[in-house]
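Read through the structure below, which is laid out as structure tokens, and then see the notes.
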Amino acid sequence: MLTADITLSTSFHRGPVDRRLFGTFVEHMGRCVYTGIYEPGHPTADEYGFRGDVADLVRELGVTLVRYPGGNFVSGYRWEDGIGPRDARPRTFDLAWRGIEPNEVGTDEFLRWAALGGLTPMMAVNLGTRGIQAAADLVEYCNVREGTRWADLRRSNGTADPYKVPLWCLGNEMDGPWQIGHTSAREYGALAREAGKAMKLVDPGIELVVCGSSNREMPTFGYWEAEVLEQAYDVADYVSLHAYYLNDGERAGYLGSGAALEAFIGDVIATADAVGARLGRKKRINLSCDEWNVWTRDPSVDLTAREPDVAMPLTEHEYTPLDAVVTGDLLVALLNHADRVRVGCQSLLVNVSAPILTQPGGPARKQTIFYPFALAAHMARGQSLHTVVAGSEVSTVRHGDVPAVAAAATHDEDAGEVALFVTNRGAEPVRVRLSHEGPGTLKVQDAWMLTATGSGLPLPFTQYAPADDGTTILHLPAESWTALTAQRKD
């Protein structure tokens, strides 16, 4: 049996785990909104038309934040089309996904749904076909109390108090040639700077996310981040990164996706800090990983091969136990950078490559990727810990050699509890020696396990035992993800 060592100490913190790390994403794409979160006439629908069964699963998932309305959709969206009396709203052509947008759900409906679910909203503005004025107007509509054109219109539409949306995306994936309004890094950076300036004049308390690279393989990666931040550093609070990992048939490479995300995050941090140093700024730009997920197949579709309609299914993956293990490993990568990755959004929430699938008029159900997210969201509390892993490596075609075992840990000082998340990326079982440096030992309280060859449901993990030297021995199955909590005992 292979062996590995995990060493941690509750005295060595990376930084607090921002609860917004456990966010999600709702886009007007496929069936995410219509017959996803929203379906008037469904047996569980509330008075506003939102599905209660989906809302229950969202709460169980442990989601804290939700990004809206896109995604690619936002780059052709006129937010004014989605406010006011529903019977007066236009049906519009969606340029991103080549569908028909009925505009039954818009800003007010979404923000009401988010508030009812206790979710922090993260709104995106259109910097593709629109720009500075439309972005500032939307902030005014959402966040100004009264006495101005757009604030008073919100009040006349039925919402007296401002929504106080705290977090805003300055466009979406503007580095991508597929994006409506795609432009250069310099041009986008200048537009983001001026739009952000106007938005913060409306509400100085908001935080802004500038677009980073759509993926690590973009030919402009690195240059794009540096140039955008050169232009917009002073208005930006975060730079985004989007990370999707496809099961292309190389099993070892797919299981190594977490290592690729770790490297991606590290590169973006280094680039942002280099720009800050060059500009002489003390402020650090944090990261918003506001799209991440796994794909079971290539999501590319020929959008021109069908007639546009409302809520046409797109990328409705059926996820496997293997996908759940890789999802858990991506969460390990995010937690290990919680000092700088402050926002995360698994993409998307419902139906479109999602942890939740619905049937129109029928039930909603959990996918396998639901479970690692829910476990991490409920267990990871307090401070992210420096976690040192020593062991063998796994060779992959896609990522080169990656560590066979990856781990992240958090420490809830108030509860005196440590949460540990461990991935065995290898094809063989591993015997792990878990050591706590400093006073006290760790006593496992609760533990769950997912395996790539299992049912996809988390099972109790019992293959651990205390050793005479104060360590804990964990026997991890091949291709598995394990989540456990432990109390520090003096």
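The model shown is predicted, which means the values in this text are computed figures rather than measured ones.
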Taken to the nearest 0.5 Å, the spacing of Asp339 CG from Arg284 CZ works out to 6.5 Å

Gly253 backbone acceptor or donor facing Glu250 side chain under 3.5 Å: yes

Does a side chain donor of either Arg488 or Thr10 reach within less than 3.5 Å of an acceptor in the other side chain?
yes

Under a 4.5 Å cut-off applied to non-hydrogen side-chain atoms, are Ile206 and Leu208 in contact? yes

Review point. Side-chain donor-acceptor pair under 3.5 Å between Asp94 and His28, yes or no?
Key: no

For a 4.5 angstrom cut-off between non-hydrogen side-chain atoms, does Val54 reach Tyr38? no

Note to self: Between the side chains of Arg67 and Glu27, is the shortest nitrogen-to-carboxylate-oxygen separation below 4.0 Å, so that they form an ion pair?
What the structure shows: no

Backbone of Leu21 reached by a side-chain donor or acceptor of Asp18 within 3.5 Å:
no

Could you walk me through whether Arg431 and Ile473 pass the side chain to side chain contact (heavy atoms under 4.5 Å, CB included) check? CA-CA 7 Å; Arg431 179 182 183 273; Ile473 305 301; 3.6 Å; yes

Value for OG1 (Thr315) from CH2 (Trp97), rounded to nearest 0.5 Å, stands at 7.5 Å

Taking every heavy atom of Thr296 against every heavy atom of Tyr319, the minimum-distance pair comes out as CG2-CD2, 3.4 Å

(request) State whether Arg433 and Asp469 are salt-bridged, where the test is any N-O pair (Lys NZ or Arg NE/NH1/NH2 against Asp/Glu carboxylate O) under 4.0 Å. (result) yes

Keeping the roles fixed (side chain from Thr271, backbone from Asp267), state whether a donor-acceptor pair exists under 3.5 Å. yes

Any side-chain heavy atom of Glu413 sitting closer than 4.5 Å to one from Gln383? yes

Determine, step by step, whether Asp401 and Ser395 satisfy the side chain to side chain donor-acceptor pair (under 3.5 Å) criterion, reporting the C-alpha distance in whole Å, the side-chain angles of both residues, the deciding distance to 0.1 Å, and the verdict. CA-CA 4 Å; Asp401 293 342; Ser395 295; 2.9 Å; yes

Practice problem: Might you work through the salt bridge (charged side-chain N to carboxylate O under 4.0 Å, His left out) test for Arg340 and Asp273, ending with a clear yes or no? | Solution: CA-CA 11 Å; Arg340 297 296 294 273; Asp273 287 351; 2.9 Å; yes

Tightest non-hydrogen contact, residues Gly62 and Ala377, listed as O-CB, 3.7 Å

TODO: Measure the shortest side-chain to side-chain distance between Tyr244 and Ser347 over non-hydrogen atoms and say whether it is less than 4.5 angstrom.
DONE: yes

Note to self: Would you say Ser9 and His436 are linked by a side-chain donor-acceptor pair, where the criterion is simply a distance under 3.5 Å?
What the structure shows: no

Check: Should the pair Glu230-Arg186 be classified as a salt bridge under the 4.0 Å nitrogen-to-oxygen rule?
Finding: no

Here the gap from Glu437 atom CD to Ser11 atom OG, rounded to the nearest 0.5 Å, amounts to 10.5 Å

For this session: Check whether any side-chain heavy atom of Val294 lies under 4.5 Å from a side-chain heavy atom of Tyr254, and answer yes or no.
Result: yes

Is a side-chain donor or acceptor of His182 paired with a backbone partner of Met174 at a separation under 3.5 angstrom?
yes

Smallest heavy-atom separation, Ser384 atom then Asn336 atom, equals OG-CA, 4.4 Å

Interatomic distance, CG@Leu434 vs CG@Leu8, rounded to 0.5 Å, equals 5.5 Å

Heavy atoms of Glu173 and Glu291 approach each other most closely as OE2-OE1, 3.6 Å

Test your reading of the model: is there a side-chain donor-acceptor pair from Asn351 to the backbone of Thr358, 3.5 Å cut-off? yes

Only one of Leu476, Val422, Val444 passes side chain to side chain contact (heavy atoms under 4.5 Å, CB included) with Phe461, and that residue is Leu476

* Under 3.5 Å: donor-acceptor pair, side chain of Glu428, backbone of Ala478 -> no

Open item on the list: Could you check whether any side-chain heavy atom of Val239 comes within less than 4.5 Å of a side-chain heavy atom of Ser288, counting everything from C-beta outward?
Closed with: no

- Task: Would you confirm whether Asn126, through its side chain, and Tyr77, through its main-chain N or O, come within 3.5 Å as a donor-acceptor pair?
- Result: yes

- Arg281/Asp234 under salt bridge (charged side-chain N to carboxylate O under 4.0 Å, His left out): CA gap, chis, key distance, verdict: CA-CA 9 Å; Arg281 301 295 191 267; Asp234 291 337; 2.8 Å; yes

Taking Asp53 for its side chain and Pro363 for its backbone only, find out whether a donor-acceptor pair lies under 3.5 Å.
no

Q. Is there a side chain to side chain contact (heavy atoms under 4.5 Å, CB included) between Cys32 and Phe25 once you walk through the steps?
A. CA-CA 9 Å; Cys32 185; Phe25 181 24; over 6 Å; no

query = Donor-acceptor pair, Thr396 side chain versus Gly256 backbone, under 3.5 Å?
reply = no

When Leu2, Thr3, Val389 are each screened for side chain to side chain contact (heavy atoms under 4.5 Å, CB included) with Val405, the one that passes is Val389

List the steps, then state whether side chain to side chain contact (heavy atoms under 4.5 Å, CB included) holds for Met122 with Tyr68.
-> CA-CA 6 Å; Met122 179 186 192; Tyr68 177 87; over 6 Å; no

**Request:** Kindly indicate whether the side chain of Asp175, heavy atoms from C-beta on, has any atom under 4.5 Å from the side chain of Tyr188.
**Result:** no

Q) Can Arg20 and Glu207 be counted as an ion pair, charged N to O under 4.0 angstrom? A) yes

Could you go step by step and tell me if His13 and His386 meet the ring pair (Phe, Tyr, Trp, His ring centres under 6.0 Å) rule? CA-CA 6 Å; His13 297 167; His386 285 279; 9.1 Å; no

Heavy atoms of Ser213 and Phe221 approach each other most closely as OG-CD1, 3.3 Å

Rounding to 0.5 Å, atoms NZ (Lys283) and CD1 (Ile285) come to a distance of 4.0 Å

Separation between NE2 (His378) and CZ (Phe22), nearest 0.5 Å, reads 10.5 Å

> Quick one: do the Gln179 and Asn72 side chains pair a donor with an acceptor below 3.5 Å?
Replying inline: yes

Exercise for review: Evaluate the side chain to side chain contact (heavy atoms under 4.5 Å, CB included) criterion for residues Thr485 and Val418: first the C-alpha distance (whole Å), next the side-chain angles of each, then the deciding distance (0.1 Å), finally the verdict.
Suggested key: CA-CA 6 Å; Thr485 59; Val418 170; over 6 Å; no

- Message: Taking Arg342 first and then Asp237, would you say they form a salt bridge - that is, a charged N and a carboxylate O separated by under 4.0 Å?
- Response: no

Note to self: Could you check whether Arg365 pairs with Glu318 (Lys NZ or Arg NE/NH1/NH2 to Asp/Glu carboxylate O, under 4.0 Å)?
What the structure shows: yes

May I ask you to decide if Asp323's main-chain N or O and Thr327's side chain share a donor-acceptor pair within less than 3.5 Å?
-> yes

Shortest non-hydrogen pair, Ala333 vs Ile265, comes out as O-CD1, 4.2 Å

Sub-4.5 Å side-chain heavy-atom contact between Asp5 and Val432:
no

- Message: Looking at Glu417 and Arg381, is there a salt bridge between them, counting it only when a charged N and a carboxylate O are closer than 4.0 Å?
- Response: no

- Presence of salt bridge, Arg297 and Asp248, under 4.0 angstrom: no

